[in-house]
There are 2 protein chains.
Amino acid sequence: MRPSQSQKSIRPSYHHGDLRQTLLRSAKQLIAEAGIENLSLRRLAERAGVSRTAPYHHFSDKNDLLCAIAAEGFRRRHQTAAAEFDNKAKSMLEKFHVYMNSYVQFAVDNPEEYELMFGRSIWKQQNSTEELRAVAYPCFQHQVDMIRCWQSCGVISGDNALRSAQVIWGALHGIAKLFIDGIYTDTAKIEEVTQCAIDMFIAKTI
Amino acid sequence: MRPSQSQKSIRPSYHHGDLRQTLLRSAKQLIAEAGIENLSLRRLAERAGVSRTAPYHHFSDKNDLLCAIAAEGFRRRHQTAAAEFDNKAKSMLEKFHVYMNSYVQFAVDNPEEYELMFGRSIWKQQNSTEELRAVAYPCFQHQVDMIRCWQSCGVISGDNALRSAQVIWGALHGIAKLFIDGIYTDTAKIEEVTQCAIDMFIAKTI
DNA sequence: GATGCATTTTGACACTGTCAAGATGTATTG
DNA sequence: CAATACATCTTGACAGTGTCAAAATGCATC
């Protein structure tokens, strides 16, 4: 039996301690600082105090590492979204408000991570990891389920649940991206834009 | 006087003939073939039959070249959008249909070019060229103007024109991107999703 | 024909991701 | 405890990238 330091990782590293987690942590930090396009495995290794190729024993690829970070993002987002939706103290309409604002806010607060999670680099071609898909698809599905739910209880109008869900998610994604990428520049009006989207989507009580 | 081959360019190059245009053409082709991330100035130069650094006398940067391509895309898109909106044979409602479908279709038909035009690489930081901004901003503005117009004539509901425009454009952008980036995978349903967006945005006649 | 300038090339530098081969430490087995 | 197996890390190397400096080339004009 090894002296168990295995609190945060099933199988801690031998030489470094826990290189995998260290790399993930540094990577997230470096991305937040300098953007995805400035993340290099070599700089990452340097920060962790190991040689350039050490990361390759924990991630098969640069893409593999990116997928791992994105997966973590999906887990986090899924958790908060689920918690917000399960809040029994709020009405369905209120929770729709919360969901819409929370989505855009998450994206704007973590622009680089959001870019990574929904960017082409990960999803195009066959780049997505098994692990990533296993985490992301339920997250997608949950979004669709929630919207379907709002629709069936009359908060949202329309008769085709899936299509409406795709449109609303599209709107959230588009608004978030236009702000993140610097095309919508008036970031002080993020909530106003989101509020306008809410107004346009909720069912009009005649 | 040189044997004038200067039909398509104001100032043809001396040695190559018209390297600038050749580079732009090859770049667009190469992007369409292999995606933006696989575009390199060196390969571009090789294709044009010049040395690696020749492009630097026509574009200050790789970014400069990308901006030039994007600018061309904006010009093209602006032209067709304007033509469709100025079509006097169609009603305002019909033209709203056309606009929505045309937007998404343009994006899906030219995914790499769309990615370039609205991607972060060009707009983040100070990357956008003077020329690009000079072409893109009127294109943005025209979209807002059109939507404002549809709103004032009752096709779209709502009382804040700018916000509604931002939401609708956001929805178009988001839907397009989710399809392009491979998150919405059922590409056969693009028109259905767009149609659903239209239904959700047009004013309900009670 | 000589000069000036636009254009292109060659050489070089600092990066990048990634592979192959060797070195080092840990765990397990005899 | 000694020996073997294996995970981990390092060194060296290769091909590729964007970009700069300096030299070479060709065209136009004086």
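Keep in mind that what you see is a predicted model, and the values were worked out from it rather than measured. Below, chain A is the first sequence line, B the second, and so on; all start at residue 1.
When each of A/Arg52 and B/Asp61 is assigned the nucleotide of DNA chain D bearing its nearest heavy atom, the one mapping closer to the 5' terminus is A/Arg52.
The ring pair (Phe, Tyr, Trp, His ring centres under 6.0 Å) test applied to A/Tyr184 returns A/Phe179, B/Trp169, not counting sequence neighbours. Under the ring pair (Phe, Tyr, Trp, His ring centres under 6.0 Å) criterion, B/Phe118 pairs with B/Phe74, B/Tyr114, B/His173, not counting sequence neighbours. Not a single salt bridge (Lys or Arg N to Asp or Glu O under 4.0 Å) links B/Arg148 to another residue, sequence neighbours left out. A/Gln141 pairs by the side chain to side chain contact (heavy atoms under 4.5 Å, CB included) definition with A/Val144, A/Asp145, not counting sequence neighbours. In this view, B/His142 and B/His78 satisfy the ring pair (Phe, Tyr, Trp, His ring centres under 6.0 Å) rule, not counting sequence neighbours.
Ionic pairing of A/Glu113 and A/Arg76 is present here: one or more N-O contacts between side-chain nitrogen and carboxylate oxygen are shorter than 4.0 angstrom. Ion pairing of B/Arg120 with A/Glu115 is present here, as a side-chain N (NZ or NE/NH1/NH2) and a carboxylate O approach within less than 4.0 Å.
Here the side chain of A/His57 is nearest to one of D/dT8, C/dT9, C/dC19, namely D/dT8.
The CG atom of A/Leu19 sits 9 Å away from the C1' atom of D/dT8 (whole-angstrom rounding). Atom-to-atom, CG of A/Asp18 to C1' of D/dA7 comes out at 14 Å; the value is rounded to the nearest Å. Taking atom CZ on B/Phe59 and atom C1' on D/dG18, their separation rounds to 16 Å, with Å as the unit. For the pair A/Asn127 CG and C/dG17 C1', the computed distance is 14 Å after rounding to whole Å.
Applying a 4.0 Å cut-off to non-hydrogen atoms, the residues of residues 62-70 of chain A that approach DNA chain C are A/Lys62, listed by residue number. Contacts of residues 34-49 of chain B with DNA chain C (heavy atom under 4.0 Å): B/Arg42.
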Can you give the donor-acceptor pairs under 3.5 Å from side chains of residues 41-56 of chain B to other protein atoms, not counting sequence neighbours?
from, atom 1, to, atom 2, distance (Å)
B/Arg43, NH2, B/Asn38, O, 3.3
B/Arg47, NH2, B/Glu33, OE1, 3.1

Quiz: residues 81-88 of chain B side-chain donor-acceptor pairs under 3.5 angstrom, not counting sequence neighbours:
from, atom 1, to, atom 2, distance (Å)
B/Glu84, OE1, B/Ser102, OG, 3.1
B/Glu84, OE2, B/Ser102, OG, 3.2
B/Asn87, OD1, B/Ala89, N, 2.8

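Within the structure, a side-chain polar atom (N or O) of B/His58 is placed less than 4.0 Å from OP1 or OP2 of C/dT8.
Taking only distance into account, the side chain of A/Thr53 never meets the base of C/dT18 through a donor-acceptor pair shorter than 3.5 Å.
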